[in-house]
Protein chains: 2
Amino acid sequence: MPPNYSVSEENYIKSIHYLQQVNEAVSTSALAEHLNAKPASITEMLKKLQAKGLLLYNPYKTFRLSKEGNKVALIIIRRHRLWEFFLVDKLQFSWEEVHEVAEELEHVRSKKLIDKLDAFLSYPKFDPHGDPIPDANGKINIQQQLPLSRLPLNKQAVITAVQDQSSELLSFLSSLNIVIGTRLEIKRRLAFDNSLEIKCRNKQAVNISEQVAKAIQVNPL
Amino acid sequence: MPPNYSVSEENYIKSIHYLQQVNEAVSTSALAEHLNAKPASITEMLKKLQAKGLLLYNPYKTFRLSKEGNKVALIIIRRHRLWEFFLVDKLQFSWEEVHEVAEELEHVRSKKLIDKLDAFLSYPKFDPHGDPIPDANGKINIQQQLPLSRLPLNKQAVITAVQDQSSELLSFLSSLNIVIGTRLEIKRRLAFDNSLEIKCRNKQAVNISEQVAKAIQVNPL
DNA sequence: TAAATTTTTTAGGTTTGCCTAAAAATTAAT
DNA sequence: ATTAATTTTTAGGCAAACCTAAAAAATTTA
Ligand SMILES: [Mn+2]
Ligand SMILES: [Mn+2]
Ligand SMILES: [Mn+2]
Ligand SMILES: [Mn+2]
């Protein structure tokens with residue numbers, strides 16, 4: 001029987017996993033920022049996670065999840081994203097509302113529950129933000145994906161994910177009818193601010209900033 | 001915005017509510033037993049709940065939920081029973097398995113989540129054990145109900161609930177094909193141990209003990 | 001390379017929720 | 001009505017997670 005971790009431990013593991021993706025080396029202060037806690041609290045938890053074999057930790061230097069820690073992270077991410085899918089697909093929550101509720105639901109620790117939920121939802125591959133859902137073994141099905149900011153001019157692509165999950169950005173994109181699955185291409189790139197003019201099939205071209213373009217992941221066709 | 005209560009506080013409130021149903025006056029030791037905690041811990045929490053206006057408490061005597069405390073209890077019970085219904089009806093959990101998982105899910109505090117779940121499930125009136133589900137205002141639709149042990153001889157009745165939710169009892173009843181909705185009558189009552197001989201439509205009569213009969217709630221026709 | 005700055009850890013508190021053991025109040029038995 | 005037994009509360013601790021302030025280490029700047 002795999003050990004169970006506290007809600008706090010799970011949130012730390014998930015945040016460390018997230019920061020590792022973005023930027024290999026994780027620092028105490030970055031994690032403190034991300035978890036809205038003070039660095040002193042982080043250090044304490046790092047020692048606890050290391051003692052439990054979830055973390056490889058060099059005091060005063062950096063740290064990263066161990067193999068076991070990574071496995072745990074993927075289980076939590078699986079729970080989070082399956083619940084998000086459920087909330088949108090079955091309960092008619094909107095895109096922007098689900099994150100907060102899923103943040104709580106993800107801590108209900110029952111493998112049977114999650115595997116049955118997965119089956120009930122017909123084994124979805126992506127959550128409502130386009131992020132991939134790990135399978136029951138923690139495996140993620142990767143697909144070619146890059147930020148819209150790096151898509152070549154006039155190349156067709158499909159939106160697969162929106163990285164930043166702030167309500168503001170999601171609402172903005174919704175208002176432009178830009179959702180997961182939308183097909184688009186870049187018509188022009190303004191050199192001086194790297195903003196993009198993008199065009200969806202039959203729709204008018206719209207302008208988006210470099211920051212927004214970086215947060216949108218696409219799959220070139 | 002209604003205040004939020006901790007998981008521990010919610011479990012105390014729910015247990016006090018439960019013990020009040022069974023036996024008006026609640027004692028520290030009974031609650032300690034029910035919550036698997038020591039009496040000293042109970043006293044501490046009683047003071048906290050009283051300070052928050054959820055409990056009417058006379059030290060060294062008894063206590064009961066205040067009006068507000070009762071309202072909170074019904075919200076938690078609503079969450080618990082809706083999740084149980086969801087687990088059985090949508091995720092194909094069996095009767096006996098749901099309680100433990102619902103015990104965790106009931107603490108996800110989002111009114112919107114529960115009200116949308118209720119709608120998704122088409123506003124069920126009873127949970128899988130036959131217990132009534134309070135509506136969004138905490139109202140319970142009552143129906144005439146009494147323990148099978150008090151049903152008169154040869155009077156037809158429908159099973160509406162099973163009080164005790166231990167896995168053992170539920171499995172036992174399942175094996176006898178006794179479920180919520182089963183119609184039955186009592187053919188004989190053995191005076192020396194109060195065991196009952198019960199008969200379901202077209203089926204062979206079976207014997208059940210007084211304890212089991214007390215745990216089964218029925219609605220006389 | 002030495003000093004200044006920033007980052008991280010350690011030391012010492014707080015709150016919540018639990019515990020054991022002792023004291024106080026209530027209830028039951030002579 | 002005392003005394004005995006039981007129940008409840010109080011007192012004093014402990015672990016988990018958080019905090020602030022001070023010390024230590026690492027990094028940057030001069
Ligand atoms: Mn969370
Ligand atoms: Mn998501
Ligand atoms: Mn519970
Ligand atoms: Mn139930």
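Chain identifiers are assigned alphabetically (A, B, ...) following the order of the sequence lines, protein sequences preceding nucleic acid strands; residue numbering begins at 1 within each chain.
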ask   = Do the side chains of B/Val212 and B/Ile216 get nearer than 4.5 Å, heavy atoms only?
value = yes
Closer than 3.5 angstrom, by distance alone: can the side chain of [X] be matched with the main-chain N or O of [Y] as a donor-acceptor pair?
X	Y	value
B/Gln21	B/Tyr18	no
A/Glu9	A/Ser6	yes
B/Arg109	B/Tyr5	yes
B/Glu104	B/Val101	no

message = If you compare every side-chain N and O of A/Lys48 against the phosphate oxygens of D/dA17 (OP1, OP2), does one of them come in below 4.0 Å?
response =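 Looking at the OP1 and OP2 atoms of D/dA17, one of them is under 4.0 Å from a side-chain N or O of A/Lys48.
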query = Taking OP1 and OP2 of D/dA17, is either one under 4.0 Å from a side-chain nitrogen or oxygen of A/Ser6?
reply = yes
What's the [atom1]-[atom2] distance between [X] and [N], to the nearest Å?
X	N	atom1	atom2	value
A/Tyr5	D/dA16	OH	C1'	17 Å
B/Glu44	D/dT8	CD	C1'	13 Å
A/Lys52	D/dA15	NZ	P	14 Å

query = Which part of the nucleic acid, if any, lies within reach of A/Thr43 when heavy atoms closer than 4.0 Å are counted: base, sugar-phosphate only, or nothing?
reply = base
message = Under 4.0 Å, heavy atoms only, any strand: does B/Ser41 hit a base, just the sugar-phosphate, or nothing?
response =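 The answer is base, as B/Ser41 lies within the cut-off (heavy atoms under 4.0 Å) of a base atom.
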key: Close residues, residues 53-65 of chain B, relative to DNA chain D [heavy-atom separation under 4.0 Å]   =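 Only B/Tyr57, B/Pro59, B/Tyr60 qualify.
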5'-most by nearest nucleotide on DNA chain D - B/Leu46 or A/Tyr12 = B/Leu46
key: Six-ring centre of A/Phe86, B/Lys90 cation under 6.0 angstrom, axis tolerance 45°   = no
inquiry  = Can you confirm if the NZ or CZ of B/Lys116 lies within 45° of the ring axis of A/Phe93 and under 6.0 Å from the centre of its six-membered ring?
reply    =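 Because its charged atom sits under 6.0 Å from the ring centre and within 45° of the axis, B/Lys116 does stack over A/Phe93.
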task = Provide the start and end nucleotides, 5' to 3', of the part of DNA chain C that has atoms under 4.0 Å from heavy atoms of chain A.
result = C/dT8 to C/dT10
key: Reference residue B/Asp127; test side-chain contact (heavy atoms from CB on, under 4.5 Å); the match among B/Ile180, B/Val88, B/Ile77, B/Ile133   =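 Of all the options given, the one that passes is B/Ile133.
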message = Working note: A/Gln50 + A/Leu56, criterion side chain to side chain contact (heavy atoms under 4.5 Å, CB included); need CA distance, chi angles, decisive distance, verdict.
response = CA-CA 6 Å; A/Gln50 184 184 40; A/Leu56 305 168; over 6 Å; no
